[in-house]
2 protein chains.
Amino acid sequence: MKYSKQRELILNYVLNHNDHPTADTIYTSLKKDNPKLSLGTVYRNLIKLTESNEIKKVSLPGEVDKFDKNLSPHAHLKCNICGCLIDINSLEIDNFIKSISKEQDIKIDNFNIIFDGVCKNCKNN
Amino acid sequence: MKYSKQRELILNYVLNHNDHPTADTIYTSLKKDNPKLSLGTVYRNLIKLTESNEIKKVSLPGEVDKFDKNLSPHAHLKCNICGCLIDINSLEIDNFIKSISKEQDIKIDNFNIIFDGVCKNCKNN
DNA sequence: ATTCTTGCAAAGAGTTTGCATAATA
DNA sequence: TATTATGCAAACTCTTTGCAAGAAT
């Protein structure tokens with residue numbers, strides 16, 4: 001993979017944002033200082049960065065794909081109140097994967113877990 | 001909601017298939033005996049049937065939406081070998097939801113859990 | 001010099017929608 | 001008769017792709 005300034009900008013954008021940006025968010029934001037940047041380039045680089053495991057893709061049903069700097073296996077919670085999407089890191093996930101694999105006699109290589117509900121902040125305010 | 005023959009056909013199709021059909025699969029199949037059926041009608045009815053909780057929608061990342069007659073909360077396993085998509089019904093899921101809600105201090109109303117891996121059949125053959 | 005990447009625009013897949021007509025209640 | 005649903009086609013959103021020009025090795 002050859003170096004490109006565009007790819008560096010895109011990667012840095014994702015690494016510096018905790019809010020799971022979309023391709024279009026990244027494009028619109030970076031275009032301000034890089035008027036020649038094209039949306040195709042953003043898509044192509046997000047795919048490459050995902051394939052090289054520098055970032056992760058997060059797919060929510062009925063929503064545009066989002067990108068995540070958090071590489072560890074984790075779940076997501078979509079809050080119905082504030083609309084935020086937050087990472088859920090927990091040992092419970094690993095326990096769950098292990099016990100369900102054993103119980104169901106299946107092999108789990110990867111998972112996609114999304115909760116709909118209310119985040120900690122909204123729940124306690 | 002007014003009765004329609006098209007909606008009945010679409011609902012029955014989903015109820016009689018265990019393989020999580022897509023809108024297009026349903027359309028193509030029903031069109032054989034109902035040449036005037038339109039894809040728009042299929043989409044509109046699948047939305048209505050989902051809203052009235054007669055069927056469920058299953059969204060897999062990067063794949064077309066699928067529809068499911070299994071109304072109980074459950075997970076899915078996508079087998080990397082045979083390509084099948086199977087329902088995972090287990091009490092472990094409920095335990096997981098409860099313990100993670102407590103641990104993270106969040107409220108979970110709904111979930112979307114998809115495993116990638118190897119199904120029981122492929123694993124043991 | 002060769003290979004990879006870009007910008008641009010067009011095409012693609014899947015889904016939704018506007019509208020006149022038809023069916024249901 | 002009033003409301004809801006249909007068929008058809010066009011529109012829409014998100015994403016991918018072909019190609020000639022430009023940048024990196």
Side-chain angles (χ1 to χ4, degrees), chain A residues 1-14 19-68 76 78 83 85 112 114, chain B residues 1-14 19-68 76 78 83 85 112 114:
Chain A
M1 188 151 73
K2 230 168 236 186
Y3 170 87
S4 92
K5 188 183 179 193
Q6 288 86 337
R7 181 154 52 242
E8 187 176 41
L9 286 168
I10 292 162
L11 174 58
N12 282 334
Y13 188 95
V14 177
D19 57 349
H20 307 87
T22 65
D24 197 66
T25 304
I26 297 166
Y27 168 70
T28 305
S29 179
L30 292 179
K31 194 158 177 88
K32 286 171 192 156
D33 289 320
N34 308 268
K36 304 208 89 184
L37 180 67
S38 90
L39 187 54
T41 297
V42 174
Y43 273 104
R44 275 187 284 233
N45 278 302
L46 287 169
I47 292 168
K48 287 200 173 164
L49 292 165
T50 302
E51 284 171 353
S52 62
N53 295 306
E54 297 176 74
I55 61 175
K56 269 190 152 187
K57 185 160 94 167
V58 185
S59 301
L60 305 220
E63 293 191 29
V64 189
D65 283 342
K66 294 168 175 60
F67 295 86
D68 193 345
H76 290 97
K78 176 82 183 182
L85 180 68
N112 194 305
I114 297 146
Chain B
M1 188 153 71
K2 233 168 232 186
Y3 170 86
S4 92
K5 186 178 180 200
Q6 289 87 337
R7 182 153 53 241
E8 187 175 42
L9 286 169
I10 293 161
L11 175 58
N12 282 333
Y13 187 95
V14 177
D19 58 348
H20 308 87
T22 65
D24 197 66
T25 304
I26 298 167
Y27 167 69
T28 305
S29 179
L30 292 179
K31 191 154 178 92
K32 286 171 191 156
D33 289 320
N34 309 269
K36 305 208 88 186
L37 180 67
S38 89
L39 187 54
T41 297
V42 174
Y43 272 104
R44 274 188 284 234
N45 279 302
L46 288 170
I47 292 168
K48 287 202 171 161
L49 291 166
T50 302
E51 283 171 353
S52 62
N53 295 308
E54 298 175 75
I55 61 175
K56 270 190 151 187
K57 186 160 92 168
V58 186
S59 300
L60 305 220
E63 293 192 29
V64 189
D65 282 344
K66 293 169 175 59
F67 294 85
D68 194 344
H76 290 96
K78 176 83 182 181
L85 180 69
N112 195 305
I114 297 146

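Below, each value reflects all heavy atoms present in this structure, side chains not excepted, and no hydrogens, waters or symmetry copies. Here is the naming used below: chain letters follow the sequence lines, and residue numbers restart at 1 for every chain.
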Starting at [atom1] of [X], measure out to [atom2] of [Y] and round the result to the nearest 0.5 Å.
X	Y	atom1	atom2	result
B:Lys66	B:Asp19	NZ	CG	10.0 Å
B:Leu46	B:Arg7	CG	CZ	11.0 Å
A:Leu9	A:Leu37	CG	CG	7.5 Å

| Terminal axes of the helix from C:dA1-D:dT25 to C:dA25-D:dT1 (five pairs each): angle between them, nearest 10 degrees | 30°
So which protein nitrogen or oxygen atoms get under 3.5 Å of nucleotides 17-19 of chain D's nitrogens or oxygens?
from	atom 1	to	atom 2	distance (Å)
D:dG18	O6	A:Arg44	NH1	3.2

| message | Please pick, from D:dT16, D:dT4, D:dG7, the nucleotide with the shortest atom-to-atom distance to any side-chain atom of B:Gln6. | response | D:dG7
| request: Among the candidates C:dT5, C:dC8, D:dT15, find the nucleotide nearest to the side-chain atoms of A:Ser38. | output: C:dC8
[N] [atom2] sits how many Å from [X] [atom1], rounded?
X	N	atom1	atom2	value
A:Ile47	C:dT6	CD1	C1'	15 Å
B:Asn45	C:dT16	CG	P	13 Å
B:Glu63	C:dG14	CD	C1'	13 Å
B:Glu8	C:dA23	CD	P	16 Å
A:Phe67	D:dT15	CZ	P	7 Å
B:Lys36	C:dA23	NZ	P	9 Å
A:Arg7	C:dT3	CZ	P	18 Å
A:Ile26	D:dT15	CD1	P	11 Å

Are there any protein N/O atoms within less than 3.5 Å of an N/O atom in nucleotides 21-25 of chain D, and if so, which ones and at what distance?
from	atom 1	to	atom 2	distance (Å)
D:dA24	N3	A:Lys2	NZ	3.2
D:dT25	OP1	A:Tyr3	N	3.4

| said: Does B:Asp24 reach a base, just sugar-phosphate, or nothing at all? Heavy atoms under 4.0 Å. | reply: nothing
